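Counting convention: from 1, in listed order, for ligands and their atoms alike. Only this structure's heavy atoms are used, side chains among them; waters, hydrogens and symmetry mates stay out. Just so you know, these numbers come straight off a predicted model, no measurement behind them.
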Amino acid sequence: AETTTPEAQIAQGGASGVKNFIAVASGKGGVGKSTVAANLAVALAETGARVGLLDIDVYGPSVPVMFGIPIDEKPRVNEERKIIPLVRYGVKLLSMGFLVDPNNAVVWRGPMASSAVKQFVNDAVWGELDYLILDLPPGTGDIQLTLVQTVPVTGTVIVSTPQEVALADARKGIKMFEKTGVPVLGIVENMAYFTPPDLPDRKYYLFGQAGAQKLAAEMEVPLLAEIPLEQATREAGDLGAPVTVREPDSVAAGVFRELAGRV
Ligand code: ADP
Ligand code: MG
């Protein structure tokens, strides 16, 4: 039989050339996981690291919109029928959103979603990467479990807003990862405060104050970043380029670059 070198295996597909798998997770939806995952990915790529971003939120994929990928642009397969990620802003991208019609609701059951996750990890040409960022769906269900069973997750970043309902779910998420033996790198507090453009030295704590600090202390994990609620961040997400690329001088972009230095 033919022997396959590690280089050949990497060229054929799969994630064996990935050094670090960083999962971006949360208990609750809508707290900014995808925003954090996308900005972390581009901020790492800006440092010269080789980066991929895999969006496995089957029920609410965000990468196509956040990276401005037209509906008719889909990843191709190579001769070995391995999926070739798209590339934007120096980041290799795959998203569940590439598989489904964006105008139709996904009605997959857990096992189907789980097998799609496995395919995107094992049957895609990721090549050699320093980081593969995984944008997870909210919660602690099938997909999260499949993921930790499919890839050796290096660490997970938990995203929460300062709100009690979000923190309670974040706590559950942290416990799930700890139970499955995945290291929790820390918590990112998103929408931590709001500074009105005409009052640049004010901070308004719309969703509560210091909640994530308390959770971080309680769970004995670091607080990795506090990201402000910022119009530029929301607009960038909707306009097809993460804020770190689109508004590199914004407060959020600075915080994302610091975060990239901490993972
Ligand atoms: P999740 O992936 O957790 O569901 P998203 O990253 O999709 O959350 O964020 C939900 C919405 O909130 C998006 O429209 C996004 O642009 C917006 N958003 C996230 N973080 C911020 C922020 N720091 N400032 C302003 N808008 C934000
Ligand atoms: Mg999301």
Taking atom [atom1] as the centre, does [X] end up with more than 12 heavy-atom neighbours from other residues, nucleotides or ligands that are less than 6.0 angstrom away?
X: Gln231; atom1: CD; value: no
X: Leu239; atom1: CG; value: yes
X: Glu73; atom1: CD; value: yes

Sub-4.0 Å atoms of ligand 1 with respect to non-hydrogen atoms of Gly30: 1 (P), 3 (O), 4 (O), 8 (O), 10 (C)
Interfacing atoms of ligand 1 (cut-off 4.0 Å, heavy-atom, Gly32): 1 (P), 3 (O), 5 (P), 6 (O), 8 (O), 9 (O)
Thr233 (side chain) donor-acceptor with Leu229 (main chain) under 3.5 angstrom: no
Side-chain donor/acceptor of Arg257 to backbone N/O of Pro248, under 3.5 Å: yes
Smallest separation among heavy atoms of [X] and [Y], with atom names:
X: Ile158; Y: Ala170; value: CG2-CB, 3.9 Å
X: Val51; Y: Ala45; value: CG2-N, 3.6 Å
X: Leu44; Y: Ala260; value: CD2-O, 3.5 Å
X: Gly173; Y: Thr140; value: CA-CG2, 3.8 Å

Min heavy-atom dist Gly237 to ligand 1 below 4.0 Å: no
Any Ala252 heavy atom less than 4.0 Å from ligand 1: no
Criterion side chain to side chain contact (heavy atoms under 4.5 Å, CB included) against Leu136, the qualifying member of Thr156, Ile143, Val24, Leu147: Leu147
Geometric N/O contact Ser34 with ligand 1, under 3.5 angstrom: yes
Check against salt bridge (charged side-chain N to carboxylate O under 4.0 Å, His left out), Glu226 and Lys203: CA-CA 12 Å; Glu226 291 169 277; Lys203 284 183 177 178; over 6 Å; no
Audit row: Glu258, Arg262, salt bridge (charged side-chain N to carboxylate O under 4.0 Å, His left out) steps and yes/no: CA-CA 7 Å; Glu258 278 173 41; Arg262 293 203 180 115; 3.7 Å; yes
Polar protein atoms (N, O or S) that approach the Mg ion (ligand 2) to under 2.8 Å: Ser34 OG
Heavy-atom proximity to atom 3 (O) of ligand 1, best of Met191, Arg234, Lys33, Glu230: Lys33
Under-4.0 Å heavy-atom contact with ligand 1, by part of [X] that carries it:
X: Ile227; answer: side chain
X: Met66; answer: side chain
X: Asn190; answer: side chain
X: Pro228; answer: backbone

Which residue and heavy atom of the protein sit nearest atom 6 (O) of ligand 1, plus the separation: Thr35 OG1, 2.6 Å
Protein contact for atom 19 (C) of ligand 1 (heavy atom, distance under 4.0 Å): yes
Per-atom contact, atom 15 (C) of ligand 1, protein heavy atoms, under 4.0 angstrom: yes
